[in-house]
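Quick note: numbers below take in every heavy atom, side chains included, and nothing from hydrogens, waters or symmetry partners. Below, read A as the first sequence line, B as the second, and so on, with proteins coming before strands; counting in each chain starts at 1.
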Amino acid sequence: MKNNYYKFRQDIKVNFSNVCINDFSTLLKENKPFSGVVESKYGKEYYSKRTYIKGYPYGLNIFINKRQRSLYSLDFTKSNGYALEYENNDRTSFEVYDMGFLLEKITCVEGKIIEKEITEIDIIETVKEFNIKDLLEEISVKYEIEVDDIDSMLGWGLSTYKSVKYDYKFLKKQYWNYYHKTNKEMGLYKNNDFIKYYTEQNKLKDQIIKGDVLPEKIQYVAGVDVAYNEQEQIMVGAIVVLNAETLEVVEQSSHVMDITFPYIPGLFSFREVPAILEAFKKLTMQPDLIICDAQGIAHPKNVGMATHLGIELDIPTIGCAKKRLVGFYEKEKLGSNRADTQELIWNSETVGVALRTQDNIKPMFVSIGHKISLETAIEWVLKVSPKYRLPETTRQADQLVNSILKETTDYDFLDDNKV
DNA sequence: GCGACAG
DNA sequence: ATCTTGTCGC
């Protein structure tokens, strides 16, 4: 087990010199624009500390819960905020500072605000374009954190940019490119290492059966899913079998194992299939059909995860993914009602469809996996998605893996003795 | 050369 | 996939 992942988080040096303020959130809501530092503890669930300027989260955010510690910065550079709480007879005062300025002063008597001063400051300037590599360097120096370690924190720090008017998609894209570039440089993506998997895909491709080879009556439909704990390098694979008529869970099984393969678009099945196969072995019954939360033949080599799994188990499978991997469809022509479809074309072939499983809901991407026709696949996806965008099979499998992952996580960041 | 890229 | 606060609309 790798330890260095958390270590730097415990040693983080942050410029906050604030006095702890508990339950500041009510104050925050009533007195916008609020500027200052909020520190919150919700029982033993989580702990967080974050700077606000004029009601916007800004600067540093530290977050700790049982499963992880994280630190991110909304502008990556400037943050030196703190707040003071002091008592004078029956009066309680809060003084809030950031970057050396008094931003806000609030005086309360018995919990009621009797005085409020807000310093007018300009909205923080935002930088729209920058080189992400330079940025990482800058954070690394400033907070004495290794560039490699910052990487993992940025993963979701970037998503909070939308709250401070950044072009979040642009940043996310930049981050993604940076991430894969470094992985390549680190030798993680050496093509040579993966040639054998690409050739294996060629063999799998020849075995795909594209028509209906189904039992006369499909009694049991299964869903599969995998969840990850990157920190512990563990993954949980699960399979949940449902009654095809009632959609009630009939049987479920799971398997916890080490992560052995990185996520690479195109080689996704080699990451997830092993865990699912192990879970499958523990079943006492055999499902007639499996619906995967991934692509089937709508894949650069026509061997998405659903197809790979179907061939491996020799069971009919459907690929039902939330996002497109390859192929194009005519977006404007796709109707907005349940069961509306548009063909997904890739290399002049129809590899699947964009299918709405509910009215006015983003489409799912359905493709055949193995031993089934596209028409039958669409029928079944609609049948198992009576209420929600995602098939009931996927939802059940998703729930199962996540609950098991929680049970499996045995450390507790909120309890110093356990870490 | 760069962008896109299932979970 | 993974992490979560706050806001808004039906």
Sub-4.5 Å side-chain heavy-atom contact between A/Pro300 and A/Leu325: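 Yes, close enough: below the 4.5 Å cut-off.
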
Check: A/Leu309 and A/Leu277 side chains under 4.5 Å, non-hydrogen atoms: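 Yes, close enough: below the 4.5 Å cut-off.
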
Distance below 4.0 Å between A/Asn402 side-chain N/O and C/dA1 OP1 or OP2: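 No, because none of the side-chain N or O atoms of A/Asn402 sits under 4.0 Å from OP1 or OP2 of C/dA1.
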
Phosphate contact (B/dA6 OP1 or OP2) by A/Arg324 side-chain N/O below 4.0 Å: no

Could you tell me how far apart [X] ([atom1]) and [N] ([atom2]) are, to the nearest whole angstrom?
| X | N | atom1 | atom2 | value |
| --- | --- | --- | --- | --- |
| A/Ile276 | B/dG7 | CD1 | P | 13 Å |
| A/Leu325 | B/dA6 | CG | P | 6 Å |
| A/Tyr263 | B/dC5 | OH | C1' | 6 Å |
| A/His308 | B/dA6 | NE2 | P | 19 Å |
| A/Leu309 | B/dG7 | CG | P | 15 Å |
| A/Ile259 | C/dT2 | CD1 | C1' | 11 Å |
| A/Lys322 | B/dG7 | NZ | P | 5 Å |
| A/Glu272 | C/dA1 | CD | P | 9 Å |

Test: A/Arg324 cationic atom under 6.0 Å from A/Tyr329 six-membered ring centre, within 45° of axis: no

Ring-base stacking, A/Phe365 with B/dA6 (5.5 Å, 30° cut-offs): no

Chi angles and distances behind the side-chain hydrogen bond (donor to acceptor under 3.5 Å, both in side chains) call for A/Glu272, A/Tyr263: CA-CA 9 Å; A/Glu272 294 218 334; A/Tyr263 170 69; over 6 Å; no

Closest to the A/Arg271 side chain, choosing from B/dG7, C/dT2, B/dA6: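 Looking only at side-chain atoms, A/Arg271 lies closest to B/dG7.
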
Look at all strands and tell whether [X] reaches a base, only sugar-phosphate, or nothing, counting heavy atoms closer than 4.0 Å.
| X | result |
| --- | --- |
| A/Ala227 | sugar-phosphate |
| A/Leu267 | base |
| A/Gly266 | base |

A/His308/A/Phe270 aromatic ring centres below 6.0 Å: yes

